[in-house]
Undergrad: 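Can you read through this structure? Questions will come right after.
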Amino acid sequence: EAAVTQSPRSKVAVTGGKVTLSCHQTNNHDYMYWYRQDTGHGLRLIHYSYVADSTEKGDIPDGYKASRPSQENFSLILELASLSQTAVYFCASSVTGGDTEVFFGKGTRLTVV
Amino acid sequence: QQKVQQSPESLTVSEGAMASLNCTFSDRSSDNFRWYRQHSGKGLEVLVSIFSDGEKEEGSFTAHLNRASLHVFLHIREPQPSDSALYLCAVSLNYNQGKLIFGQGTKLSIKP
């Protein structure tokens, strides 16, 4: 069974502090993604990666960095957390084409105070 | 830049009545369309994925894609109160299918 695991599942961070959200996949997928969801709304793409050691900007990259040290792992980094970054963050993985599924993690609820 | 919009914003139907949700997109070259369900405070559950014009059925969920009119619909047959949730439409291109553009969602409530 394909799996995407996120850690932590929830976190409270202080404004101005550094936050790292981690994602691990066992699907052997090339592509990994980080999305953000604000309450009651759709998801928006922050960063993605199609190969280790390389990341690409998504639609809302400002205030976020990403790191892909291996095919299995993809991290989202908030260097200086702000109140506006309070949201739920989802990681996902997929293959290129093939009309196959996109697999999502269960989400990380981040609260910045 | 692809735009995806869902209507209505919220919908209440009686248990057992058909529920119909609408999603419009702006890029006619899009070729991957997915409907997700999200119960309050939970993760995403894929309901149906459709990759060519026409209909695709998965249990009580049917997606209908018409790329010429830039619409993809979701019909829910005989919904139950447990189907009350946020429904999200997501669109992507086949070469990077996980790079999804989501609509803002339709909040569906099923009255017993």
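Proteins get letters first, then strands, A, B, ... in listed order; numbering begins at 1 in each.
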Undergrad: Could you tell me which portion of Y50(A) (side chain, backbone, both or neither) has an atom closer than 4.5 angstrom to a non-hydrogen atom of chain B?
TA: neither

Undergrad: Anything under 30° is parallel, anything over 60° is perpendicular, the rest tilted; go ahead and classify Y31(A) against Y48(A).
TA: parallel

Undergrad: Please flag which part of I101(B) lies under 4.5 Å from any non-hydrogen atom of chain A: side chain, backbone, both or neither.
TA: side chain

Undergrad: Among Q38(B), R37(B), H39(B), exactly one meets side-chain hydrogen bond (donor to acceptor under 3.5 Å, both in side chains) together with E45(B). Which residue is that?
TA: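 Passing option: R37(B).
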
Undergrad: Who are the salt bridge (charged side-chain N to carboxylate O under 4.0 Å, His left out) partners of E55(B), not counting sequence neighbours?
TA: none

Undergrad: Side chain from CB out, backbone as N, CA, C, O: work out which of these in Q1(B) comes under 4.5 Å of a heavy atom of chain A, or both, or neither.
TA: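 It is the side chain, since no backbone atom gets that close.
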
Undergrad: Side chain, backbone, both or neither: which part of K99(B) has a non-hydrogen atom closer than 4.5 Å to chain A?
TA: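 Contact with chain A involves both backbone and side-chain atoms of K99(B).
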
Undergrad: For R109(A), which atoms come within 4.5 Å of any heavy atom of chain B: side chain, backbone, both, or neither?
TA: side chain

Undergrad: Does the ring center of Y33(A) lie less than 6.0 Å from the ring center of F104(A)?
TA: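 Here the rings of F104(A) and Y33(A) have centres that are no less than 6.0 Å from each other.
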
Undergrad: Can you tell which part of L45(A) gets under 4.5 Å to a heavy atom of chain B, answering side chain, backbone, both or neither?
TA: side chain

Undergrad: For H24(A) and N73(A), does a side-chain donor sit closer than 3.5 Å to a side-chain acceptor?
TA: yes

Undergrad: State whether a side-chain donor-acceptor pair under 3.5 Å links H75(B) with S20(B).
TA: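 Their side chains do contain a donor-acceptor pair, which is all the 3.5 Å distance test asks for.
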
Undergrad: In terms of heavy-atom proximity below 4.5 Å to chain B, should D30(A) be classed as side chain, backbone, both, or neither?
TA: neither

